[in-house]
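Residue numbers start from 1 in every chain, and the chains themselves are labelled A, B, ... in the order their sequence lines are given, proteins ahead of strands.
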There are 2 protein chains.
Amino acid sequence: MNTSIPPSGLPIAAVERDTGLAKDTLRVWERRYGFPSPARDSNGERVYSADQVDKLRLIRRLIDQGLRPAKLIGLEPAALSELLGGLGTAHPAADPARSAQFETILKFVRLHLHEDLRRSLQQLLMKLGLQRFVGEVLAPLNLLVGDAWLRGELEVPEEHLYTEQVQNLLRAAISSQAAASEGRPRVLLTTFPDEQHALGLLMAEAMMVPEGACCISLGTQTPLDDIRNAARAGRFDIVAVSFSAAFPARLALDGLRSLREGLPGETSLWAGGAGLQGIARKLPDIRIFDSIDELPDALRIWREAHPAPAQE
Amino acid sequence: MNTSIPPSGLPIAAVERDTGLAKDTLRVWERRYGFPSPARDSNGERVYSADQVDKLRLIRRLIDQGLRPAKLIGLEPAALSELLGGLGTAHPAADPARSAQFETILKFVRLHLHEDLRRSLQQLLMKLGLQRFVGEVLAPLNLLVGDAWLRGELEVPEEHLYTEQVQNLLRAAISSQAAASEGRPRVLLTTFPDEQHALGLLMAEAMMVPEGACCISLGTQTPLDDIRNAARAGRFDIVAVSFSAAFPARLALDGLRSLREGLPGETSLWAGGAGLQGIARKLPDIRIFDSIDELPDALRIWREAHPAPAQE
DNA sequence: TCAACATTTTGTCCAGGACAAAATATGAAC
DNA sequence: GTTCATATTTTGTCCTGGACAAAATGTTGA
């Protein structure tokens, strides 16, 4: 009759899976800070209560946001939640109708309603066209999904579902537009190693292809050397790199600087994504995008500065 | 000029990521069997050579197939590869044209050609119809992909790409057929906890929906209690559970027995998937499917045994 | 404002002992 | 021979407590 899990507590391996904190880390926190302080079973092995795991999850999320364990571990769960809330990106509150649509879409994600999700997105895409769809729907939706994820309202499978559906939609839309492959400028898109998120790339491509640019995507996780070589070999005009919020800003800066040096002077280097927020101007000769909406304008400016394909 | 990784060796954390073997396991193997025997860096930390990691990967795959470490660790890499080759499912070698198509599709998977992959599958689906597509294309293709994965010819992202594209295709096809939702029998589809593969479920659904069955999928990883409760509450005629090759047969058997006891006698319990190969007859009152092609016939037989919806 | 240096924090690594769960071998009973 | 229960081996995971480098932070001087 009772096959369900006894709600007594979780062993350390399960906590590692649930929170993403390594077993070594869990043990060393216990030694240093006194938290978590799991009970022990009859074999002397750690047994973590659900409360402790919840608090650990909160701490993990905050650490991912750049806060430090020592400042967090003493706090009450309520205080941690509050911190998380405060960190959530302030949403510019688009018009209420659109907001309601977003909530509906988020509901579909939460409930795993693949079909409904796909249909809603498809409808919005048809209604707005590709570029406005990316700028007005996907950009804010990504923020919402990111926040929900941060708060723990979404789990891995839900986030995955959202990403895959959006990718499928974008790929289909882009490939239907990409007829004229001889466009200008020639843009190379990719991400750095350790950056796995392909969504930013696709969104950038979706903004540029309708402007007549010739976009080639290398996908995610391209080593710096390979980016440099590909840019040279393919005579690209622009190299565009995307960074998700999770990407360590430090790595991004170093990498961009190094890449800039390795590229020919006439090749532009563009970078964007949530991982670059707030670290602008510091980089000479690199165009940092705060918003994906700036892409079409940037393309037009590039064209004015590089007129006349001539022959070559 | 040289930002690339020095090919000297990998630290233990990287080996854990690459091979899926826990750090503790790597260390205890070294202690017990003398393999792997990594070099040490200036801090005394383990540095694994590429050769050792390759051999570890082979061993890992063979262990997943049910072999035991002690028998494997002494063998040469060549012998390990041979073992892996021998284990590959013997493929019934369909007609050569179809085989060539499969190879093309596998090539698309390897090269991350999302669009080409989607299009090839879509064409086959259109040509064959949903049921034949599942039986004649997806079933053998899954074996091929599984083998390639076993051999290390595919990595996680490739396997993922394949799965997602197939899922999208099947979901779209199923939802376009599922108009008449009042069909019979009422089938509840799901997997056990720890079984994450949803493809088998979708394929089963794709075989049954065209026969007029009313399929409700709970998705993957449903606790046994929840399956039982859902089956009772929804007055289902059939509960269908799917197991991928990676699922431990022992768990499957125990779980199925336990579930059979918890279900009303008039509810049929069906189970299938690569995880159940070779452990047939042992289970009374449970229908084990060796091949997904048996589903339509099984449905017809069920209908003959349960005629006349009467009223209710 | 930035760069260079000193200090603290923090995650990961190590050794080697222990033990339970899984797999296998052994034997009894039908 | 097959099925079941029981002994034995194999194997993965957990434990403690020490160590240290990389990252983050604080400090100083141009």
Side-chain angles (χ1 to χ4, degrees), chain A residues 9-17 19-35 37-48 56 59-60 62-74 194 247-254 257 279-284, chain B residues 9-17 19-48 56 59-60 62-74 194 247-254 257 279 281-284:
Chain A
L10 298 177
I12 195 169
V15 179
E16 177 178 48
R17 239 189 304 112
T19 65
L21 296 165
K23 292 192 264 270
D24 271 329
T25 305
L26 290 168
R27 286 193 276 252
V28 90
W29 282 7
E30 183 179 344
R31 207 194 307 167
R32 284 190 189 139
Y33 313 119
F35 180 88
S37 54
R40 300 296 180 121
D41 67 8
S42 53
N43 312 316
E45 306 198 342
R46 292 172 173 79
V47 177
Y48 294 83
L56 285 169
I59 293 178
R60 168 65 205 266
L62 285 164
I63 289 177
D64 284 348
Q65 291 305 298
L67 305 196
R68 314 214 56 194
K71 317 226 166 197
L72 300 170
I73 273 189
D194 296 333
F247 199 88
R250 178 66 177 277
L251 268 184
L253 288 181
D254 289 353
R257 259 192 284 260
I279 33 152
R281 76 228 77 157
K282 296 185 182 181
L283 296 165
Chain B
L10 299 177
I12 194 171
V15 179
E16 176 179 48
R17 235 187 308 114
T19 65
L21 296 165
K23 293 191 263 272
D24 271 328
T25 305
L26 290 168
R27 285 192 278 252
V28 90
W29 281 8
E30 184 179 342
R31 207 195 310 165
R32 285 193 189 137
Y33 312 118
F35 179 89
S37 55
R40 299 298 180 122
D41 67 7
S42 53
N43 311 317
E45 307 199 342
R46 293 171 173 80
V47 178
Y48 295 83
L56 285 170
I59 294 178
R60 168 65 205 266
L62 284 164
I63 289 177
D64 284 347
Q65 292 305 298
L67 305 196
R68 313 213 57 193
K71 318 227 166 197
L72 300 170
I73 271 188
D194 296 332
F247 200 89
R250 177 66 177 275
L251 268 183
L253 287 181
D254 289 354
R257 260 191 282 260
I279 33 152
R281 76 229 76 159
K282 297 186 180 181
L283 296 163

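When rounded to the nearest whole Å, the span between CG of A:L72 and P of D:dA24 equals 15 Å. Rounded to an integer number of Å, the gap from CD of B:Q65 to P of C:dA23 is 14 Å.
Of all non-hydrogen atoms in B:P38 and B:P36, the two that sit nearest each other are CD-O, 3.3 Å. Contact between B:L26 and B:L21 at its shortest, heavy atoms only, is CD1-O, 3.9 Å. The two atoms that bring B:Y33 and B:P69 nearest to each other are OH-CB, 4.5 Å, heavy atoms only.
Among residues two or more places apart in sequence or in another chain, the salt bridge (Lys or Arg N to Asp or Glu O under 4.0 Å) test is passed with A:R40 by A:E30. Here A:D41 pairs with nothing under the salt bridge (Lys or Arg N to Asp or Glu O under 4.0 Å) rule; sequence neighbours left out. Applying the side chain to side chain contact (heavy atoms under 4.5 Å, CB included) criterion to A:R27, with sequence neighbours excluded, gives A:I12, A:K23, A:D24, A:R46. In terms of the ring pair (Phe, Tyr, Trp, His ring centres under 6.0 Å) criterion, B:Y48 has no residue partners (sequence neighbours excluded).
Taken over five-pair windows at either terminus, the axes of the helix from C:dT1-D:dA30 to C:dC30-D:dG1 are inclined to one another by 40° (rounded to 10 degrees).
Sequence order on DNA chain D of the closest nucleotides to A:E30 and B:S42 puts A:E30 first from the 5' end.
Once rounded to the nearest 0.5 Å, the distance linking CG of B:D64 with CD1 of B:I59 reads 12.0 Å.
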Any chance you could list the contact pattern along nucleotides 6-15 of chain D? Use B for base contacts, S for sugar-phosphate-only contacts and - for none, protein heavy atoms under 4.0 Å, 5' to 3'. ----SBBBBS

